[in-house]
4 protein chains.
Amino acid sequence: MPKRDREATRARLLEAARLRFAREGYDATSVRDIAGDAGVDATLIFRYFGSKKRLFDEVTADLPAGLPDGLPDGPEEELVARMLRAVVFHDWTRYGGEHPLVAMLRSSAHDDARQRMRQEVCDTYVDALRDLAEGDGPELRAELLSAWLVGIGILRSVVATPALAGASADDLAPHVEAVASALLGRPMRGTPSSEG
Amino acid sequence: MPKRDREATRARLLEAARLRFAREGYDATSVRDIAGDAGVDATLIFRYFGSKKRLFDEVTADLPAGLPDGLPDGPEEELVARMLRAVVFHDWTRYGGEHPLVAMLRSSAHDDARQRMRQEVCDTYVDALRDLAEGDGPELRAELLSAWLVGIGILRSVVATPALAGASADDLAPHVEAVASALLGRPMRGTPSSEG
Amino acid sequence: MPKRDREATRARLLEAARLRFAREGYDATSVRDIAGDAGVDATLIFRYFGSKKRLFDEVTADLPAGLPDGLPDGPEEELVARMLRAVVFHDWTRYGGEHPLVAMLRSSAHDDARQRMRQEVCDTYVDALRDLAEGDGPELRAELLSAWLVGIGILRSVVATPALAGASADDLAPHVEAVASALLGRPMRGTPSSEG
Amino acid sequence: MPKRDREATRARLLEAARLRFAREGYDATSVRDIAGDAGVDATLIFRYFGSKKRLFDEVTADLPAGLPDGLPDGPEEELVARMLRAVVFHDWTRYGGEHPLVAMLRSSAHDDARQRMRQEVCDTYVDALRDLAEGDGPELRAELLSAWLVGIGILRSVVATPALAGASADDLAPHVEAVASALLGRPMRGTPSSEG
DNA sequence: TATGAATGAGCATTCATTCAT
DNA sequence: GATGAATGAATGCTCATTCAT
């Protein structure tokens, strides 16, 4: 079953690349690193993906699929709380322990990465939040809230400021409620109801 | 203006390095790139700084000095508004058009860079904001507000989401007022008084 | 004779390295020199040997194998004569025309090289001679005789003093007999019997 | 007194070069090393000597002057014993602890060094010994004895074979007597009379 | 098709040396 | 004349990538 093996090898390469690119960034990652992690010869990367760059593209194109499913499900007023959990408290070990958006900043010198990030932010966060915003400029309100989520992710995992690095979801809940309500112009909740 | 001027050459190398490191990150920048931009031989980098790493250190150690002076001056309730202007609307061309903190994320695979970022965020933003926060957990409140500023900087200049990329300081003012007040637990203003 | 033959390329690199290291010493030899002599790309040195240093190690570890086989065979009293032929009259073109021990002196600023030389001198010469020495201090006697052989090799091929440079094996024979007998405390012969 | 300073600096450079070249060989020694040891700027080397090579030449041309004075004085039959002391037991710290001849082998890839060594060996050792040799081929006899002295120097200080490295002058005396007598064809003594 | 030998451009760094002041 | 800024070629080594078998 060589067909299966091929697919399995491809998948292992993608997985290894995802982790390396996230943890170390595009430039600091070598194709040999990736191939080594996957336990295969480095030339297979060129055989399967054409080039390091195209492998990177495929990894980042994969991004939204990596987001937790069912994010939009549940009461509207808890959406921001659910998003925060996705950004900050979800298990991102597949991406080296950080939210892929945060990880991809490391490669943000490359325009493709920026584009992928924009798509991801807009499609996953801004679009969903805009529908909730009341008052004028819902787009800007939605983006400002997205910016906050991204900023929290960065300060928590990359910069590791002391209070945020040690904060639990419950510690953040009241502030989520306050800021989300302030920006969206409507009452929001800081905790998903399923978790009390 | 002598051609062989140690200090001038050193300064040009630092300037070129600052820009390259900001725009492309540490790994994607070569000492030849920097020397080329500065119009001098690459060996001078080793003569003056010892190594590429030490040049990077010197560039990033220079960071706080690069912040706009007089940030803490002025009424307390306008501090956040002034900070936002510093992060987003200041002229950061010396750093490739982005706030140095944002630019440094590109090198965040290196622990030194993370440390410098932490220091910068804490010393410049969190410390000043913590003194203003009322209610319990002032540290966390201050960090959450800092996270917002950082997130806005990123979405605006790196990710370039449409509404934020086109927003003026005045567009942001009401939201600054709302979020800052919500997080600090006291009334804040969204616009520095000197600008109406 | 396939063009892409790992073992063959490796062997050519070793051969080229042996010659260069012998003729010019470790420091004066560059990996590009060696690769150029072998007619291959310099990166293969790192692929096959890891580093210039490890290539040098492999070359010098190869040393004893490079000595003429069958040295210990034959009558005891002719051993020194056979050794002298090995040191001086053997065809050392593979090592640039000099006995490898002599060649390695050129790299003797490096401790590894000294160690290899010590091993070689002791294992190949001193050990064999000690068993023949009579009287007290057989070790010292054996070393002093080894020193003579090494000194002859140096004066003949490196320093090229006139009489030694032009001397034949037969010219040396009576003196070999005299000195070997004097140092070992027993009658030795200056000429291998097979050569009259 | 700038004239004096110039001469003093020149002398310090020569001294430092002598030591470095002896200890590490020509190739492994950099002009910066030498200048650093002498406590002056590296460019002075080019000012005073023209190039690294010419500095090396000057250092090696200095060689015979470095030999202990009064070597030929004293009874003829003790000459070899005195020479051995000069080669092996003299204080050669000025040359990095080894006899300059031995040290110069490290640079023997350079033809100039070989030539200097030949001159040194012939003028200082062979010439003096030839006059003592009896029987035919006095030149060859003298060279073979010189070879022994050189070989002892090398095995003792470079290769560091165990017995020779720990041997005292007295340990060597009987063998010196035996070998010198055997090679020169006349009775020689192993110990200078002044030392018993 | 797939293995792995081979490549050459590029890396940070050090070298001996020159030239302007 | 002397200081030190500047140079460019060369160093060992790693990179992504190609090509033969």
Side-chain angles (χ1 to χ4, degrees), chain A residues 2-3 5-6 9 26-35 40-55, chain B residues 2-10 13 26-35 38-56, chain C residues 2-10 13 26-35 38-56, chain D residues 2-3 5-6 9 27-35 40-56:
Chain A
K3 183 82 174 296
D5 279 4
R6 186 188 165 94
T9 300
Y26 180 82
D27 296 306
T29 298
S30 81
V31 296
R32 275 176 167 81
D33 288 339
I34 297 170
V40 303
D41 192 279
T43 45
L44 288 183
I45 288 178
F46 300 95
R47 179 147 204 79
Y48 292 160
F49 304 97
S51 71
K52 178 188 178 185
K53 189 63 178 46
R54 299 242 288 277
L55 168 59
Chain B
K3 199 64 180 296
R4 303 201 158 204
D5 180 333
R6 180 187 178 92
E7 286 316 311
T9 301
R10 232 189 96 98
L13 281 171
Y26 181 82
D27 294 308
T29 299
S30 83
V31 296
R32 285 173 172 83
D33 288 339
I34 296 170
V40 301
D41 192 278
T43 50
L44 291 182
I45 287 178
F46 301 95
R47 188 170 171 71
Y48 292 149
F49 303 97
S51 69
K52 178 188 179 185
K53 186 62 179 49
R54 299 242 285 275
L55 170 56
F56 180 74
Chain C
K3 199 67 181 294
R4 302 200 158 204
D5 180 332
R6 180 186 177 91
E7 286 316 312
T9 302
R10 232 188 96 97
L13 281 170
Y26 181 83
D27 293 308
T29 299
S30 82
V31 296
R32 284 173 173 83
D33 288 339
I34 296 169
V40 301
D41 192 276
T43 51
L44 292 182
I45 287 178
F46 303 96
R47 187 169 171 71
Y48 292 149
F49 303 97
S51 70
K52 179 188 178 184
K53 186 62 179 45
R54 297 242 285 276
L55 169 57
F56 181 74
Chain D
K3 183 82 174 297
D5 280 2
R6 186 188 164 95
T9 300
D27 296 304
T29 299
S30 80
V31 296
R32 276 177 167 79
D33 287 339
I34 296 169
V40 304
D41 191 280
T43 47
L44 288 182
I45 287 177
F46 301 93
R47 178 146 205 80
Y48 291 160
F49 304 96
S51 71
K52 178 188 179 185
K53 188 64 178 48
R54 299 242 288 277
L55 169 57
F56 180 73

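A note on names: the letters A, B, ... follow the listed sequences, proteins ahead of strands, and every chain is numbered from 1.
The shortest distance between side-chain heavy atoms of A/L44 and A/R47 falls below 4.5 Å. B/I34 is listed as a side-chain neighbour of B/L55, based on a closest heavy-atom distance under 4.5 Å.
The listed nucleotides are E/dT18, F/dG8, E/dG8; the one nearest the side chain of D/F46 is E/dT18. Taking only side-chain atoms of D/R47, from C-beta outward, the nucleotide of E/dA6, F/dG1, F/dT7 with the closest atom is F/dG1. Each of E/dC15, E/dA12, E/dA5 was ranked by its minimum atom distance to the side chain of C/R4; first place goes to E/dA5. With E/dG10, E/dT7, E/dC11 as the candidates, the nucleotide lying closest to the side chain of B/S30 is E/dC11.
At whole-Å resolution of the value, CG in C/D5 and C1' in E/dG4 are 12 Å apart. B/L55 places its CG atom 10 Å from the P atom of E/dT13, with the value rounded to the nearest Å. Rounded to whole Å, atom C1' of E/dC15 lies 12 Å from atom CG of D/D27. Rounded to whole angstrom, the span from the CD1 atom of C/I45 across to the P atom of F/dG12 amounts to 9 Å. Atom CG of D/D41 is separated from atom P of F/dA2 by 12 Å (rounded to the nearest Å). Between D/I34 atom CD1 and E/dC15 atom P there is a gap of 12 Å when expressed in whole angstrom units. We find that CG of A/L44 is positioned 15 Å from C1' of E/dA5, with the value rounded to whole Å. The nearest whole Å value for the distance from the CZ atom in A/R54 to the P atom in F/dA16 is 16 Å.
Scanning both residues, B/A42 and B/A35, for their nearest heavy atoms gives CA-CB, 3.4 Å.
For F/dA6, the OP1/OP2 oxygens have a side-chain nitrogen or oxygen of B/T9 closer than 4.0 Å. Taking 4.0 angstrom as the limit, B/R32 places none of its side-chain polar atoms (N or O) nearer than this to OP1 or OP2 of E/dG10. For E/dA2, one of the phosphate oxygens OP1 or OP2 lies less than 4.0 angstrom from a side-chain nitrogen or oxygen of A/R6.
Taking for each of C/D33 and A/T29 the nucleotide of DNA chain F with the nearest heavy atom, the 5'-most of the two is the partner of C/D33.
Checking E/dA20 for Watson-Crick or G-U wobble geometry (two distances, each under 3.5 Å) identifies F/dT3 as its partner.
At distances below 3.5 Å, at least one donor-acceptor pair connects side-chain atoms of C/K52 with backbone N or O atoms of C/Y26.
Using a 4.0 Å heavy-atom distance criterion, D/S51 is classed as a sugar-phosphate-only contact. Residue C/Y48 is classed as a sugar-phosphate contact, given heavy-atom separations below 4.0 Å to backbone atoms only.
One distance of note links CZ of D/R6 with OH of D/Y48; it measures 5.0 Å at 0.5 Å rounding.
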